[in-house]
2 protein chains.
Amino acid sequence: MTQPLYKVVIDTIVGRIASGALPPGAMLPSETQLGAELGVSQGTARKALSELEARGLVQRAQGRGTFVTVRTPESSLFNFFRLRNPDGSQTIPELVSEHVTRRAATDTEASKLYGTPRDVVEIERVRSLSGVPLVHEVSVVPLPLFAGIADRAPLPNTLYVFYQQAYSCIIVRADEKLRSIPAPAPAAAALGLDRDAPVLSVERIATDVLGRAVERRTSICATHGYSYFVSLS
Amino acid sequence: MTQPLYKVVIDTIVGRIASGALPPGAMLPSETQLGAELGVSQGTARKALSELEARGLVQRAQGRGTFVTVRTPESSLFNFFRLRNPDGSQTIPELVSEHVTRRAATDTEASKLYGTPRDVVEIERVRSLSGVPLVHEVSVVPLPLFAGIADRAPLPNTLYVFYQQAYSCIIVRADEKLRSIPAPAPAAAALGLDRDAPVLSVERIATDVLGRAVERRTSICATHGYSYFVSLS
DNA sequence: GAGTGGTCTAGACCACTTT
DNA sequence: AAGTGGTCTAGACCACTCC
């Protein structure tokens, strides 16, 4: 039941990235160096690096080297913000307002978030597309993992880039539940919608590279002139 | 600018699968045999087979061999029917009614579907979950690729399994656009909804293994007690 | 020119399934 | 026992980037 060597290599590198020892943009050792350092052949080191590239954690370029993937606001939005123009082109959501508060976790929050936290931080935001407020978004993160985050408001537009830069917390996956519902009161008020206007409700659990459920986010989106894009395979 | 050998191997096998020479469930040659047959080393054949496995086109099992992936109604629904119970468990959609008609393609249909077809076949269906009609679904396929399909009604519950078995057309990808809208008249009538009940509109383009846009599907879903699940990464 | 990743080979040994 | 895929090694050559 012993781990294959290439998986040991993968775990080693994931650990270095998750700990911040290898920050975004850092160059990794070459295949040969990595193999020598960890006592495996170049081919085995290569297999590990290729799998990390497939996971999106590093990027490789012939002649240049292997680098820890840098998350820019653009790449983060591309992956995790699915509201697009009808032709599929990106739209950048602007921040209209933000409220960051620290509070006790509800029972569901405690049960769904990593570490069953007693306290959480709630980030409530209204976002607009092309100047029109269309998204009401409430993100909840466990306080222990994000110590001091409430004092750093206002937060940057793209939270996942911020999580990585400030807390070495790398979001790699988001599981979402979508429903079509009449606009709930707080969202209707924030977005200036009729009480029963149809809106898209998106409930998200975001998971980091270590497999921890790190954020719970509920978004209410008015899809006027925009669409939520997904690709299934 | 010549193709790497392993890509040649991949294309060879994809061709055999898409042509029906390797039907679902068929066993592929072993790595050694395949290498000998195509004049490459076992390692190169292995790389090709591994990539085909990553694409989901074949399945490999230690000690048994490599097999063309069999699409069952279950696996097809798992991949391409995203409406689930709130806890994430599968729900099997039953067929309530079906109308299959042959007609001329609209301009958008002709422009978006493979081969810019003059004629298409439209499959209109109402589906129910746990006995409640919740989905109104209109699928449009180009007539040339699916000759005679209109005469084979009623069609099976899962169209993609049928496309593969009857036409060697393997759907590997679906791009969807979601919006929340008031129920349109035909869907409201078919599902027994109020005229302005909020529903999920899903517009899908399905693409086959040869990269051809093979089906356009518009679904109207009432998300009463159900949710549309996606995983982003 | 030195260093990087990308492709390809040949061979070894292991774990697993089937007969 | 025979045949399969899974892991691992060692070495070669190529294409590319950067200095």
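Residue numbers start from 1 in every chain, and the chains themselves are labelled A, B, ... in the order their sequence lines are given, proteins ahead of strands.
- At least one test fails for B:Arg71 against the ring of B:Phe162: distance under 6.0 Å to the centre or angle within 45° of the axis.
- Heavy atoms of B:Thr32 sit nowhere under 4.0 angstrom from any nucleic acid atom.
- Counting non-hydrogen atoms of neighbouring residues, nucleotides and ligands closer than 6.0 angstrom, the CG atom of B:Leu210 exceeds 12 such neighbours.
- The distance between atom OH of B:Tyr6 and atom C1' of C:dT9, rounded to the nearest whole Å, is 16 Å.
- We find that CG of A:Leu28 is positioned 19 Å from P of C:dG3, with the value rounded to whole Å.
- One interatomic measurement links the two molecules: CG of B:Leu49 to P of C:dC8, which rounds to 14 Å at whole-angstrom precision.
- Listed nucleotides D:dG5, C:dC8, D:dT9 differ in distance to B:Arg60; the shortest reach to its side chain belongs to D:dG5.
- In this model, the phosphate group of D:dT7 is not approached by any side-chain N or O of A:Thr44 to a distance below 4.0 Å at OP1 or OP2.
- Note on A:Gln3: every side-chain N or O is 4.0 Å or more away from OP1 and OP2 of D:dT7.
- B:Gln59 comes within contact range of no nucleotide atom at all, as no heavy-atom separation falls under 4.0 Å.
- Put simply, B:Thr66 has a side-chain N or O that comes within less than 4.0 Å of OP1 or OP2 on D:dG5.
- Distance from the side chain of B:Arg64 is smallest to C:dT17 among C:dC16, C:dG11, C:dT17.
- Residues B:Ser231 and A:Arg173 form a side-chain contact, since some pair of their non-hydrogen atoms from C-beta on lies under 4.5 Å apart.
- Here the nucleotide nearest the side chain of B:Leu5, chosen from D:dC8, C:dT18, C:dT9, is C:dT9.
- Distance B:Gln62 CD to D:dG5 P: 10 Å, rounded to the nearest Å.
- Along DNA chain D, the nucleotide closest to B:Met27 and the one closest to A:Ser41 are compared, and the more 5′ of them pairs with B:Met27.
- For the pair A:Leu38 CG and D:dT9 P, the computed distance is 11 Å after rounding to whole Å.
- In terms of phosphate contacts, B:Lys47 brings a side-chain nitrogen or oxygen within less than 4.0 Å of OP1 or OP2 of C:dT7.
- Look at CD on B:Glu31: it is 18 Å from P on C:dC14, rounded to the nearest Å.
- Seen from the ring of A:Phe229, B:Lys177 does not count as a face-on cation partner, given the 6.0 Å and 45° thresholds.
- The separation between B:Gln42 atom CD and D:dT7 atom P is 13 Å, rounded to whole Å.
- Look at CZ on B:Phe67: it is 9 Å from C1' on D:dT4, rounded to the nearest Å.
- Judged by distance alone, the side chain of B:Lys112 and the main-chain N or O of B:Ile205 form no donor-acceptor pair under 3.5 Å.
- The side chain of B:Arg46 lies closest to D:dG6 when the candidates are D:dG6, D:dT4, C:dG6.
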